[in-house]
Amino acid sequence: MTRNTYNELINEVLMHQSVTERLEDFSGKNRIELDNELIELILDLYNDDQDFPYQKIRKFSMSDILAYLQATHRYYLTKKLPEIEQSLLHIFSKYGQTHELLAELCMFFNDYKNDLIEHVKMEERAFFPYIKKLMKADTGELSQAEIRELLSTTSIKQFTEHHDSIEDELKEVSQIIKRYSPVERPPMPYRVFLNQVEFFELELRKHAIIEDHVLVPMAIELEERLRAEL
Ligand SMILES: [Fe+2]
Ligand SMILES: [Fe+2]
């Protein structure tokens, strides 16, 4: 096996772990059961989002996609963010006295964390519940009057117009570190931290792709169908 294939294999295993890990409830009780084919497709999306066959993923139900996205939100807030914060803390304990850039890095990350929590909260409190109501309307659990009321007060467009690319801001982290160390390589703990942040940025980008290019088109289609049936 060449070194490259070996590395690819390791990457694939790590990626698979990271995608399946989020489906475990931390109490270990409620594992979210997702179709294997859906997990495979999501992994393909991690490898390549240029030629990704969106039609294929759209054959799954909206509730599957929502379950995946919600499990991912939980995973970000309860596992990924604390892990990254832990690394930052480690850097702080090592270099806190000597490196000025640390204060800037901590401040940046703290602001970022709050923005991300806000972003997730908005989706959990408004965007996803609206989609769940559309699904209820589709299965006949809402009256005509309720559907009319729902469609006249809310729309997917209201969410998509404000759905910002929260991952872009993370690029700032590497710039802050490079500003500190323009020529030499930054010390190891910074590189570990940077790696984590870069992987997280990729994570968030794939997450947003599923929201924008899978969930939203499905929801718009349903919204239009419900509107036509009124
Ligand atoms: Fe999200
Ligand atoms: Fe989002």
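Below, all heavy atoms of this structure are taken into account, side chains as well, without hydrogens, waters or symmetry copies. Just follow the structure's listing: the first ligand is 1, and inside any ligand the first atom is 1.
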N, O or S atom within Glu211 nearest to the Fe ion (ligand 2), by name: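 The Glu211 atom nearest to the Fe ion (ligand 2), restricting to N, O or S, is OE1.
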Looking at the Fe ion (ligand 2), is there an N, O or S atom belonging to Glu123 that lies under 2.8 Å away from it?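 Here the distance criterion (N, O or S atom, under 2.8 Å) is met by Glu123, so yes.
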Can you tell me if His163 has an N, O or S atom under 2.8 Å away from the Fe ion (ligand 2)?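 Within the cut-off used here (under 2.8 Å), His163 does place an N, O or S atom near the Fe ion (ligand 2).
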Is the shortest side-chain N to carboxylate O distance from [X] to [Y] below 4.0 Å?
{"X": "Arg225", "Y": "Glu221", "result": "no"}
{"X": "Lys80", "Y": "Glu83", "result": "yes"}
{"X": "Lys56", "Y": "Asp44", "result": "no"}
{"X": "Glu146", "Y": "Lys133", "result": "no"}

Measure from the Fe ion (ligand 1) to each N, O or S atom of His73 and report whether any distance is below 2.8 Å.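 Yes.
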Mind checking whether Phe128 and His73 have parallel, tilted or perpendicular rings, split at 30° and 60°?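 Ring orientation, 0 to 90° scale: parallel.
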Of all the N, O or S atoms in His207, which has the shortest distance to the Fe ion (ligand 1)?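 For His207, the N, O or S atom at the smallest distance from the Fe ion (ligand 1) is NE2.
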